[in-house]
Protein chains: 2
Amino acid sequence: MDEVSYLAGYDPRRYPAVAVTVDVVALTIRDGKLCVLLVERGTQPYAGQRALPGGFVKNETLDEAALREFAEETGLTPGQGELGRVHLEQLKTYGDPDRDPRMRVISVAYLAFAPRLPEPTAGTDAARAYWVPVDEAKDLAFDHDDVLADGLERARDKLEYTPLATAFTDPEFTISELRHVYAAVWGEELHAGNFHRKVLSVPGFVEGTGRTTARGGDRGGPRAKLYQAGDARLLHPALLRPTREDRVR
Amino acid sequence: MDEVSYLAGYDPRRYPAVAVTVDVVALTIRDGKLCVLLVERGTQPYAGQRALPGGFVKNETLDEAALREFAEETGLTPGQGELGRVHLEQLKTYGDPDRDPRMRVISVAYLAFAPRLPEPTAGTDAARAYWVPVDEAKDLAFDHDDVLADGLERARDKLEYTPLATAFTDPEFTISELRHVYAAVWGEELHAGNFHRKVLSVPGFVEGTGRTTARGGDRGGPRAKLYQAGDARLLHPALLRPTREDRVR
DNA sequence: CGAATAGTGTCTGTGAGACAGTATGTT
DNA sequence: AACATACTGTCTCACAGACACTATTCG
């Protein structure tokens, strides 16, 4: 029976209550490591454990709910500055009947790619959230280990065929910085020379600004040219990560 | 605030009711055309219009709800025969506040790839569902036009890097039949010779059965070898569809 | 026989990856 | 001076796509 004919004679109050939340897998890169935003739980169940930030969906779209939660936890002001550069996309919905011990909770998970942000300030609502390297983010509350794993997989895939790596950088970046983003997300080093040529050869991925860095690297080397994100929304050809035969079967 | 601390002191009956449904974009190929399963709506709103099959989530996982809805509308018996060959995956969740005029409805959409199925029998519950070529499926109820469009996009992408085209065929198929699946989903003809060689060169995509068709094609030609799906879960290298520059920007 | 199809051989252009090499910075 | 880094050149192999060709079977 489709939702509609069903709803016609439906009194929602007679059915077991269902709650809908959004949870956000917010990723950024700090000190060359891929990090995820977590909050500490204060109440039961899972008190003291860490969880993904999230909350109830109010009278708003799902996308708006996710953006609002992200802004609240990071302390950023909606519709302003850094928040505008955050990429948010829907990831997957989790709804196993027993994923929350108290009642049926359907959670729409979102994936966020954020540039390096100021540490959430103490004293604000955002104080309880902090960035954790993804390989230290284990034993999360509820099914959030699964949600995080799905988010990481999606993020790694997206770097291959979209220019979203630039969402992790400053507006102006060097090819080397971009390579470090890929290395952090994929967890493996990339050949500097080939990566450089490849990035420049993909139409619309990056465009030069004419500027260069003020000085060379900490340990020497020439000043690097600065680039900004181009207008491509898909990379063509894609930047395939080194083939892992075990990903195939 | 995360979902959890919120829920601790939460009485769901005090909040506006939210309903959660699943809707299914079920695709199959009939007469060489990609078709989607639709139902005719009997009640307001959108009475008389067509919609994707769907319904309320009961005390079950979301995946189970989607499979149940699909089985109900097609008349297939759960856990049996043809139903076991259907591929089901979560597509996306739709939850705009006004997508249903009566109340807040969050819909988790699923995508199904089905082999050619018997036409739903009259006299059963499945009688009101029928297969419609996707290019004739317009003006659907609610936001189902968007859902269908998202499902088609996902299906076209999935054929590139997974062996899911075999989910549209009989268990044993010819390379030519497989090519017609790609042609139907992508909406363009493929070079027969190159496609043939490409499919056989991808490890684990198909494996020969040693058998051949009983007779050649209707209009001549040798008997074709029969293949079955291999054990690959990802195609490597992928079967990229002809490049469309406008997909990139 | 004529036509359509299954399947293979071959050539060409593109791109990925390995490697080397040059120029320009740093400590 | 020693070394790291930015960036470019070159070679090789894999693969996509165009095209040609043979063999088989149907009407």
Side-chain angles (χ1 to χ4, degrees), chain A residues 32 159-161 169 172-183 186 188-206 208-227 234-245 248, chain B residues 32 159-161 169 172-183 186 188-203 205-227 234-245 248:
Chain A
L159 286 212
E160 289 195 324
Y161 57 93
T169 66
E172 289 204 335
F173 52 87
T174 67
I175 302 295
S176 177
E177 285 164 357
L178 195 61
R179 176 164 48 84
H180 287 304
V181 169
Y182 276 88
W186 286 350
E188 46 193 327
E189 294 308 312
L190 281 76
H191 186 289
N194 289 336
F195 180 85
H196 196 108
R197 182 164 6 109
K198 169 71 184 176
V199 167
L200 295 185
S201 76
V202 176
F205 190 2
V206 300
T209 63
R211 285 181 286 279
T212 64
T213 52
R215 32 165 300 142
D218 286 349
R219 291 177 294 185
R223 303 171 216 249
K225 292 180 189 166
L226 286 168
Y227 296 85
L234 289 175
L235 302 185
H236 202 82
L239 241 152
L240 298 178
R241 66 184 127 161
T243 310
R244 302 263 288 274
E245 206 54 48
V248 174
Chain B
L159 285 212
E160 289 194 326
Y161 57 92
T169 66
E172 290 205 334
F173 52 86
T174 67
I175 301 293
S176 177
E177 284 164 358
L178 195 60
R179 175 164 48 84
H180 287 305
V181 170
Y182 276 90
W186 285 349
E188 45 193 326
E189 294 309 313
L190 282 74
H191 187 288
N194 290 336
F195 180 86
H196 196 107
R197 181 166 5 100
K198 170 72 185 175
V199 166
L200 295 185
S201 76
V202 176
F205 191 3
V206 299
E207 40 188 58
T209 63
R211 283 180 287 279
T212 65
T213 52
R215 33 165 299 141
D218 287 348
R219 290 177 294 185
R223 303 169 209 231
K225 292 181 189 164
L226 287 168
Y227 296 84
L234 289 175
L235 302 185
H236 198 83
L239 242 152
L240 299 177
R241 65 185 128 159
T243 308
R244 301 263 290 274
E245 206 55 48
V248 175

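Reminder, nothing fancy here: chain letters follow the sequence lines and each chain counts from 1.
Remark: A:Arg197 is not in phosphate contact with D:dG9, judged by side-chain N or O atoms under 4.0 Å from OP1 or OP2. Here A:His196 reaches the OP1 or OP2 of D:dC7: one of its side-chain N or O atoms lies under 4.0 Å away. Regarding contacts with the backbone of D:dC26, every side-chain N or O of B:Arg219 stays at 4.0 angstrom or more from both OP1 and OP2. OP1 or OP2 of D:dG27 sits under 4.0 Å from a side-chain N or O of B:Arg215.
Residue A:Ala214 is out of contact with every strand shown, counting any heavy-atom pair closer than 4.0 Å. Nucleic acid contact for A:Gly217: sugar-phosphate only, since backbone atoms but no base atoms lie under 4.0 Å from a heavy atom of the residue. Residue contacts for B:Gly216: at a heavy-atom cut-off of 4.0 Å it reaches the sugar-phosphate backbone alone, with no base atom in range. Within the 4.0 angstrom heavy-atom criterion, no nucleotide atom of any strand lies near B:Ser201.
Listed nucleotides D:dC19, C:dG7, D:dT25 differ in distance to B:His191; the shortest reach to its side chain belongs to D:dC19. For B:Ser176, counting side-chain heavy atoms from C-beta on, the closest listed nucleotide (C:dA6, D:dC7, C:dG7) is C:dA6. Nearest to the side chain of B:Arg179, among D:dT8, D:dT5, C:dA6, sits C:dA6. Listed nucleotides: C:dG7, D:dT8, C:dA6. Nearest to the side chain of B:Ile175: C:dG7.
Nearest-nucleotide positions on DNA chain D for B:Leu240 and B:Gly221 put B:Leu240 closer to the 5' end. Place A:Gly193 and B:Gly193 on DNA chain D by their nearest nucleotides, and A:Gly193 ends up nearer the 5' end.
Distance B:Leu235 CG to D:dA16 P: 11 Å, rounded to the nearest Å. Nucleotide C:dG9 holds its C1' atom 15 Å from the CG atom of B:Leu200, rounded to whole Å. As a whole-Å value, the separation of B:Phe195 CZ from D:dA18 P is 15 Å. The nearest whole Å value for the distance from the OH atom in B:Tyr227 to the C1' atom in C:dA6 is 10 Å. D:dT25 atom C1' lies 16 Å from atom NZ of B:Lys225, rounded to whole Å. Atom CZ in A:Arg223 sits roughly 6 Å away from atom P in C:dT26 (whole-Å rounding). Here the C1' atom of nucleotide C:dA18 and the CG atom of A:Leu190 are 14 Å apart, to the nearest Å. The distance from atom CD of B:Glu177 to atom P of C:dT5 is 13 Å, rounded to the nearest whole Å.
Counting heavy atoms of neighbouring residues, nucleotides and ligands inside a 6.0 Å radius, atom CD of B:Glu188 exceeds 12 of them.
With a 4.5 Å cut-off on side-chain heavy atoms, B:Phe173 and B:Val181 do not count as touching.
A donor-acceptor contact shorter than 3.5 Å is absent between the side chain of A:Lys225 and the backbone of A:Thr209. Side-chain N or O atoms of B:Thr174 include one that pairs as donor or acceptor with a backbone N or O of B:Glu177 at under 3.5 Å.
A donor N or O paired with an acceptor N or O is found under 3.5 Å between the base of C:dA18 and the side-chain atoms of A:Asn194.
Once rounded to the nearest 0.5 Å, the distance linking CG of B:Leu226 with CD1 of B:Ile175 reads 10.0 Å. Once rounded to the nearest 0.5 Å, the distance linking CG of A:Leu190 with CG of A:Leu239 reads 8.0 Å.
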